[in-house]
2 protein chains.
Amino acid sequence: MGDSRQTGSTTQPAVACEQCGLARICFPAALPLHEIPRFSRLVRRGRTLSAGLHLCRAGDELQAVYIVRAGTLKVVHTTPAGAESVVGFCLPGEVVGLDAIANQRHAHDVIALEHSSYCALSLDKLQQLVEQTPGMRQELIRVMSRTLGETHQRMTLLARQGARALVAAFVLDLSVRLERRGLASSRFRLGMRWRDVASYLGLTFETVSRSLAALRRSGVLQAKARYLTVMNRTLLENVAGGAGCGDQKPSGVIP
Amino acid sequence: MGDSRQTGSTTQPAVACEQCGLARICFPAALPLHEIPRFSRLVRRGRTLSAGLHLCRAGDELQAVYIVRAGTLKVVHTTPAGAESVVGFCLPGEVVGLDAIANQRHAHDVIALEHSSYCALSLDKLQQLVEQTPGMRQELIRVMSRTLGETHQRMTLLARQGARALVAAFVLDLSVRLERRGLASSRFRLGMRWRDVASYLGLTFETVSRSLAALRRSGVLQAKARYLTVMNRTLLENVAGGAGCGDQKPSGVIP
DNA sequence: CGCAGAGTTGAACGGTGTCAAGTAACGTGG
DNA sequence: CCACGTTACTTGACACCGTTCAACTCTGCG
């Protein structure tokens, strides 16, 4: 709750966009080759944030959009009454701040859940790029559209199903997002606490814990500390798809 | 389930954008004055759709973005198993198809809930406008950002609260959206069935019905047929804010 | 070692889903 | 226009699942 700005600059070797592992997902993805160096020059790279610090706060003026490079962030909505609820997580390759362009103000707090690094593209440089390079216009629109689509899809997951289905769907969603970004998708470390997951899903953390136990018992996945292993993908998909998970009847679960 | 394309063209007098009541919310909102006529010329106006017909289907190639002019549409996700769930509603002034730009394909069915009218801006014309007019780039990005923000905000509403809070929040959201578009916000007709609302909120329609009854009993709102009257806005906000609604104790409700 | 925070597990309560029956609104065809 | 049938909604009773409260374990850190 003390100060919360980013912790100074460039503590990393500053890999140019051309060499970045996320280049395929980040803005340069659809940029013509000759436009990339220019983009690369305008981006502030290698910013880091240690766990618990804010990337931005609700009400803050929008100064830049951020691209997560490593780590995990949570997007938090705080009600006037003071209650917090997690409305989303940001994984490597995802962009923070697009929803704030319209009002020029952030609507949520964004907080690092673990030591994370990110790149920043200041608003005026973004505007400049959009005005001057056709590829960048296309790409910004494409990224926003994609984000919109993903958000929609994520809303369907929240359509009140059983708790186990929700947790399964969450794990699956995470797995898919990691895979799409070229990261391990069947064995990974969760950046977030389960209590954050609970808040995100609208459940209590006890229920999440129980659901996990059930999924573990049915051999769908394994969870030790914060390391998750998907043991049976298709089963996971079935459970996530709404069909309850065989908790009480450990034998036959949706053949 | 028969055919489902739009019902031919221009059955309305085709009001130019400059005279349209929604001009303040639609794309022309932030367009410089001299760019509006050009925009107006490229838009296909006055398309209509009667209740139950599809504006587009999941998997369809994206051919145009649509701006709702009158009526109400629902956005539906159909699971592989065949179960339908409503993921959103489109009100006058809102844009359909922005989330499909990235993949060039629609991800959901969009279905008219009542006789509705809309304008269409074909994809190539949109692209042309974006390339050639600076105001339109700005505006498209602004609209997408706004939509993204609204979607985020709507997700927070779904953060599993009590059923009455959910229903109250839904009514409030609807009221705010209508108000922002210059329509009556305290007495209006719902375009959607309550069962669609139930699906959207992840509840059964019985529970929605009960919640409505509770809200009616507490004097928060009145509902006859599909006509809704908000009787006490602040109380509605309180109930929506998570504090349960005084159902069992009709006397003191959050002073 | 001991404390703090995160997660696990158990028992009882309460809200929603479910099933079922009944009423109101709507559209159709006479 | 009214009788009809269909669909949407209302309301009740009961079971189930998730919340709540509580005690306990595990992990990480000083």
Side-chain angles (χ1 to χ4, degrees), chain A residues 50-52 72 74 83 85-86 113-115 158-168 170-171 189-217 221-228 239 242-249, chain B residues 50-52 72 74 83-86 113-115 158-168 171 189-217 221-228 239 242-249:
Chain A
S50 38
T72 316
K74 66 174 171 182
S85 73
V86 177
L113 288 167
E114 52 186 341
H115 193 77
L158 295 180
R160 191 176 296 221
Q161 300 173 315
R164 279 169 303 240
L166 279 178
V167 174
F170 174 79
V171 172
R189 181 180 174 283
L190 280 100
M192 64 289 283
R193 307 270 135 89
W194 285 112
R195 60 188 322 115
D196 291 322
V197 176
S199 167
Y200 174 66
L201 296 176
L203 300 167
T204 60
F205 63 90
E206 292 99 321
T207 304
V208 170
S209 179
R210 277 186 251 272
S211 306
L212 268 176
L215 292 171
R216 231 182 286 135
R217 272 194 297 275
L221 50 78
Q222 234 177 291
K224 199 170 285 184
R226 304 258 284 284
Y227 289 89
L228 237 165
V239 177
C245 143
D247 189 15
Q248 30 262 17
K249 285 158 192 162
Chain B
S50 38
T72 316
K74 66 175 173 183
E84 293 191 350
S85 73
V86 177
L113 288 166
E114 52 187 339
H115 192 76
L158 295 180
R160 188 178 301 219
Q161 300 174 316
R164 278 168 304 238
L166 280 178
V167 174
V171 172
R189 182 180 173 284
L190 280 98
M192 65 287 285
R193 307 270 134 90
W194 285 112
R195 61 186 322 113
D196 291 323
V197 176
S199 167
Y200 174 66
L201 296 175
L203 300 167
T204 60
F205 63 90
E206 291 99 321
T207 303
V208 171
S209 180
R210 277 186 252 274
S211 307
L212 268 176
L215 292 172
R216 230 182 287 136
R217 272 194 297 276
L221 50 77
Q222 235 178 291
K224 199 170 284 182
R226 304 257 285 284
Y227 288 89
L228 237 165
V239 177
C245 144
D247 190 15
Q248 30 262 18
K249 286 160 193 161

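Heavy atoms only: backbone and side chains are in, while hydrogens, waters and symmetry mates are out. So that the names make sense, note that chain A is the first sequence line, chain B the second, and so on, each numbered from 1. Everything numeric in this text was worked out from a predicted model, so none of it was measured.
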Student: In whole angstroms, how far is the P atom of D/dA8 from the OH atom of B/Tyr227?
Tutor: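 So the OH-P distance, B/Tyr227 to D/dA8, works out to 18 Å.
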
Student: Which whole-number value in Å describes the distance from A/Gln222 CD to C/dG7 P?
Tutor: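 Going from CD in A/Gln222 over to P in C/dG7 covers 18 Å.
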
Student: List the atom of B/Ser85, the atom of B/Ser199, and the distance in Å for their closest heavy-atom pair.
Tutor: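 Closest approach of B/Ser85 to B/Ser199, heavy atoms only: CA-OG, 3.4 Å.
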
Student: Between C/dG7 atom P and A/Arg193 atom CZ, what is the distance in whole Å?
Tutor: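 A/Arg193 atom CZ is separated from C/dG7 atom P by 7 Å.
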
Student: Round to a whole Å and report the spacing from CD of B/Glu114 to C1' of C/dG27.
Tutor: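 Atom CD in B/Glu114 sits about 17 Å away from atom C1' in C/dG27.
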
Student: Quick check for you: to the nearest 0.5 Å, what is the distance between B/Arg217 atom CZ and B/Leu212 atom CG?
Tutor: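 Going from CZ on B/Arg217 over to CG on B/Leu212, the span is 10.5 Å.
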
Student: Between B/Arg195 (CZ) and D/dT6 (P), how many Å, whole number?
Tutor: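 To the nearest whole Å, that distance equals 16 Å.
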
Student: By side chain to side chain donor-acceptor pair (under 3.5 Å), which residues pair with A/Thr204, not counting sequence neighbours?
Tutor: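 For A/Thr204, the residues satisfying side chain to side chain donor-acceptor pair (under 3.5 Å) (neighbours in sequence not counted) are A/Thr207.
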
Student: Looking at every heavy atom in both B/Met192 and B/Leu113, which two are closest together, and how far apart are they?
Tutor: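 So the minimum-distance heavy-atom pair works out to CB-CD1, 3.5 Å.
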
Student: Strictly below 4.0 Å: does A/Arg216 bring a side-chain N or O up to OP1 or OP2 of C/dT8?
Tutor: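 So the side-chain polar atoms of A/Arg216 do come within 4.0 Å of the phosphate oxygens OP1 or OP2 of C/dT8, strictly under.
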
Student: Can you pull the salt bridge (Lys or Arg N to Asp or Glu O under 4.0 Å) pairs that have at least one residue in residues 191-207 of chain B, sequence neighbours excluded?
Tutor: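 Non-adjacent pairs meeting salt bridge (Lys or Arg N to Asp or Glu O under 4.0 Å): B/Lys74-B/Asp196.
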
Student: Do you know the tightest heavy-atom contact between B/Ala225 and B/Trp194?
Tutor: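 Shortest heavy-atom separation between B/Ala225 and B/Trp194 comes out as O-NE1, 4.4 Å.
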
Student: To the nearest 10°, let me know how far the axis at one end of the helix from C/dC1-D/dG30 to C/dG30-D/dC1 is tilted from the axis at the other, five pairs an end.
Tutor: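 One end axis against the other gives 40°.
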
Student: What pairs of nitrogen or oxygen atoms, one from the protein and one from nucleotides 27-30 of chain D, lie under 3.5 Å apart?
Tutor:
none

Student: For residues A/Arg216 and A/Ala223, report the shortest heavy-atom separation together with the two atoms involved.
Tutor: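 In this case the closest contact between A/Arg216 and A/Ala223 is NE-O, 3.8 Å.
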
Student: Show your reasoning for whether side chain to side chain contact (heavy atoms under 4.5 Å, CB included) applies to B/Val171 and B/Leu190.
Tutor: CA-CA 10 Å; B/Val171 172; B/Leu190 280 98; over 6 Å; no

Student: If the condition is side-chain contact (heavy atoms from CB on, under 4.5 Å), which residues does B/Leu201 pass it with, not counting sequence neighbours?
Tutor: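 Here the qualifying residues are B/Leu158, B/Leu166, B/Val167, B/Phe170, B/Val197, B/Leu203.
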
Student: Mind calculating the distance between NZ (B/Lys224) and P (C/dA25) to the nearest angstrom?
Tutor: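 Result: 9 Å.
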
Student: When the distance from CE of A/Met192 to C1' of C/dA6 is rounded to whole Å, what number comes out?
Tutor: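 Spelled out: CE on A/Met192 to C1' on C/dA6 is 16 Å.
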
Student: Between the base of C/dG10 and the side chain of A/Arg210, is there a donor and acceptor pair under 3.5 angstrom?
Tutor: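 Yes.
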
Student: Can you tell me how far P of C/dA6 sits from CG of A/Leu212, to the nearest Å?
Tutor: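 Between P of C/dA6 and CG of A/Leu212: 16 Å.
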
Student: Which residues pass the side chain to side chain donor-acceptor pair (under 3.5 Å) test with B/Thr72, sequence neighbours left out?
Tutor: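 Counting only residues at least two positions away or on another chain, B/Thr72 forms a side chain to side chain donor-acceptor pair (under 3.5 Å) with B/Glu114.
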
Student: Given C/dT16, C/dT18, C/dG7, which nucleotide is nearest the side-chain atoms of A/Ser209?
Tutor: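 Within the option list, the nearest is C/dG7.
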
Student: So, using side-chain contact (heavy atoms from CB on, under 4.5 Å) as the criterion, who are the partners of B/Ser209 when residues are at least two apart?
Tutor: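 None.
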
Student: Looking at C/dT9, D/dT11, D/dC9, which one has an atom nearest to any side-chain atom of B/Arg226?
Tutor: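 For B/Arg226, the side-chain atoms sit closest to D/dC9.
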
Student: From C/dG17, C/dT8, C/dT9, pick the nucleotide closest to the side chain of B/Thr207?
Tutor: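 That would be C/dG17.
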
Student: Mind listing the closest non-hydrogen atom pair of B/Gly191 and B/Arg226 along with its distance?
Tutor: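 Minimum heavy-atom contact is O-NH2, 3.2 Å.
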
Student: Which of residues 196-206 of chain A sit near DNA chain C, with a heavy atom under 4.0 Å from it?
Tutor: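 Output list: A/Phe205, A/Glu206.
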
